[in-house]
Amino acid sequence: MELIITEKDNAARRIAEILSEGSATAERRNGVNVYRWGDTRVVGLSGHVVGVDFPPEYNDWRDVEPAELIDAEVTKEPTQENIVTTLKTLSRRADEAVVATDYDREGELIGKEAYELIREETDIPVSRVRFSSITEREVRNAFADAEEIDFDLAAAGEARQIIDLVWGAALTRFLSLSARQLGDDFISVGRVQSPTLKLIVDREREIEAFDPEDYWEIFADLQKNGSGFEAQYFYDDDGSEAERVWNEADADAAYADLTSVDAATVTSVRRRTRTDSPPTPFNTTAFISAASSLGYSAQRAMSIAEELYTAGYMTYPRTDNTVYPDDLEEDVLLDEFVGSPTFGEDAESLLEQDDIVATEGDEETTDHPPIHPTGEIPSKADISEDEWEIYELVVRRFFATVAEAATWERLRVVSEAGGRSLKANGKRLVEPGYHAVYPYSSASENHVPDVEEGEELSISEVRLDAKQTQPPRRYGQSRLIETMEDLGLGTKATRHNTLEKLYDRGYIEGDPPRPTALANAVVEAAEEFADRVVSDDMTAQLERDMTRIANGEATLEEVADESREMLQEVFDELAASREEIGEHLQESLKADKTLGPCPECGESMLVRRSRQGSYFVGCDGFPECRNTLPLPSTGEPLVLDETCEEHDMHHVKMLAGRDTFVHGCPRCEAEKADESDDEVIGPCPECGVAPAEQRDEGGDAAEGGDAEEGGELAIKHLRSGSRLVGCTRYPDCDYSLPLPRNGDIEVTEEFCEEHDLPELVVDPDSDDPWELGCPICNFEEYQARNAVEDLEDLNGIGAATADKLAAAGIESLEDLRAADPDGIAAEVQGVSAGQVQDWQSELEA
DNA sequence: GCAAGGTC
């Protein structure tokens, strides 16, 4: 039997399809797909199925000096037991194995890991095939001419694994121990995350150190036959043109000269045409950047891309490649879009071009093509709105890369008025070219009319604008990812995750991200004692060392030992400053949690955590001062920069994924609750008396006075800031319904027939009032909606799949847990029994 | 429990 191993299931399926000419069938083993035909089996890994780690005796952070990790043994253990077992079982029956992982360094290492797992079972020959894209021709050629695993290249990848683990773990433990942060809130450091964090911290330092400078600019409105355009004053500054005037007296003088006349004379007119080349194919970074200008975070863009890839609508989203492979036939792919309601016309117009030549970027790699649509086109109804917007972006980017260049006409008009110079730059799109199919890049025009030299133009207005130089702008997420790529930090598959990690670790907040006090302290400590780990030099050096290993000029051991020596030197310096570093980190952690002064004792109020794990605001003077304030029960509190003027307290935001909200000032929220009265709206369905009964009983007061029942529902404000409809007999009756956190709530005269409750309207006087309706009906709808969203949180279920599942009666996690996998597979197209089993096991976990 | 890199 011949065993073929790929890097992922998707590649396994496609390779089996090609090599078997479509006759391969799939079977599940230990939850892993195995494709078979004749005497061949193909199995897909899931990237690395083994991972590096220290032996178990190093597990307890408190028992092991961090520096001991430097020379600790590094072992490899399976991390994906199911896949490892399946691979080993298959290899025992195989006569030969072929490694067909991705054609890049990490793919070589993943292949070598598979090789070693096979070697634990058998000594069958193991070969390696390499192909640049999974197409019939490439794959067949590769299998006809199998090669050997490149163990040097794999060793280069292993050096990276070891160095990253040793540096990351030793320094992370050192900082966490020194600041006594051993729980979920440990303090992490790493070769990629720390230089990335330093980028953000450095930029914030520049902003803080920035000293704005005053300057002035002067604009004049010129008129030609009733059509006006704007011109700007400029002067000669040592041979170059300058617009900014740096002192007020000069600006006033120029302004006075320009206002002393009422016409300007044209002194020069220059016309130029400029071609504007279409953009290059999408790699991951360019894709994230384009999606970001549509308002998607890096993480969200990648997660949608993943779903569209899995559904078969676009190619693999993690790629550095910006050159379409030779086997991509652009005209054939364009042809797929002819007839599409959204894309048909554009595709046809592109096909009418004399020849279709795609643009190329600078980077050409061998593992995956640039991101492009596959030609299988979803209908709008198949996928969510966000998915469609991203899909359209990918399609239109492909269109743009095969479209013609645009042509602009630039018109520059210089004129003189009162001895001063004015200039106006016009631009007009003459040939829209790729802009016709790609509306995402700016094509805005600036109209400047045709004028001739010597012509007189009347001046209708002159403006003197006082301005100030601005500090550099913060990096947005996509700009950060671009900068990481320029510096060689991280990879196409990890950069967006690194940013998420910085958010999760409490190092950055907001978008554009800003560093917390903790982040500043970590970067400062690293700069002083372990400069390498916050510098992109470490990655640059590692890349050079990896190249040497891959070329056989150095060994893994030499490179790793040299790195260990450097880390040892870092620790020699660190040891003496352990307490100092710890104190600084602890102060910063406290600063990130400080809200403002305690009104009772003047100490600071801090965000704290109770023994039960819930968050509250407590006084730093505890136990002498026991003043506290509640916080909402959902989410992780984040202290914002914004403060409440009345209480000098920072506002608090509660981070809870899609339910994230701003709580505001906890004192204001508590006071608001104290001041508001409960508003009764009807009988409690648990313990109340229905209106019908009340009517039957007439005015009989004796029955209605029973304390065991007769509860009523009221709109209540809690001190934690939340509102609810709850029973007046609370805590004897704890019936409650949620209400929105914000907005005025109006109780209307309309009643819900089913529940005997009035319908509610939120923000009745606003432009966009929300008819919430009966609170019980609203709660039931809310639960149903949440159940569907919970489903979408499972791996591989996007809006498209959730929609199909709902049609088959699977509308909640409970439904899915109880479902019969084979039944679902039979009923829902595109969902396999194996997938359902995966979701069910994910639920159990 | 630490990193960064695959993968979903």
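Each chain gets a letter, A, B and so on, in the order its sequence line appears, and its residues count up from 1.
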Of the nucleotides [options], which has the atom closest to the [X] side chain?
| X | options | result |
| --- | --- | --- |
| Arg318(A) | dA3(B), dG5(B), dC8(B) | dC8(B) |
| Leu69(A) | dC2(B), dA4(B), dC8(B) | dC2(B) |
| Val192(A) | dG5(B), dA3(B), dC2(B) | dG5(B) |
| Ala169(A) | dT7(B), dC2(B), dG6(B) | dC2(B) |
| Asp164(A) | dC2(B), dA4(B), dG6(B) | dA4(B) |
| Gln80(A) | dG6(B), dG5(B), dC2(B) | dG6(B) |
| Lys501(A) | dA4(B), dC2(B), dG6(B) | dA4(B) |
| Thr172(A) | dC2(B), dG6(B), dG5(B) | dC2(B) |

Given atom [atom1] of [X] and atom [atom2] of [N], what is their separation to the nearest angstrom?
| X | N | atom1 | atom2 | value |
| --- | --- | --- | --- | --- |
| Ile83(A) | dG6(B) | CD1 | C1' | 11 Å |
| Gln161(A) | dA4(B) | CD | C1' | 9 Å |
| Tyr103(A) | dG6(B) | OH | P | 17 Å |

- Message: Is Thr494(A) close enough to dG5(B) that one of its side-chain N or O atoms is under 4.0 Å from OP1 or OP2 there?
- Response: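 Yes, Thr494(A) has a side-chain N/O under 4.0 Å of OP1/OP2 on dG5(B).
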
- Query: Per the atom types in the model, does the base of dC8(B) pair as donor or acceptor with the side chain of Asn10(A) at under 3.5 Å?
  - Reply: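 Such a pair does not exist between side chain and base.
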
Check every strand shown and say whether [X] touches a base, only sugar-phosphate, or nothing at a heavy-atom separation below 4.0 Å.
| X | answer |
| --- | --- |
| Val166(A) | nothing |
| Gly157(A) | nothing |
| Arg191(A) | sugar-phosphate |
| Asp53(A) | base |

- Item | Test: Asp150(A) and Arg130(A) ion pair at under 4.0 Å |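 Judged by the 4.0 Å cut-off on N to carboxylate O distance, Asp150(A) and Arg130(A) do not form a salt bridge.
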
- Task: May I ask you to test the Leu556(A)-Ile162(A) pair for a side-chain heavy-atom distance under 4.5 Å?
- Result: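 A side-chain contact exists here, since the closest heavy-atom pair is under 4.5 Å.
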
- Task: Please assess Phe571(A) against Phe174(A) for the test ring-ring contact (aromatic ring centres under 6.0 Å, His included), listing each intermediate value before the final yes or no.
- Result: CA-CA 9 Å; Phe571(A) 268 86; Phe174(A) 178 88; 5.8 Å; yes

- Task: For the pair Ser535(A) (side chain) and Arg532(A) (backbone), establish whether a donor and an acceptor sit closer than 3.5 Å, ignoring hydrogens and angles.
- Result: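 Absent.
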
- Arg119(A) CZ: over 12 foreign heavy atoms closer than 6.0 Å: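 For Arg119(A), atom CZ is crowded (more than 12 foreign heavy atoms under 6.0 Å).
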
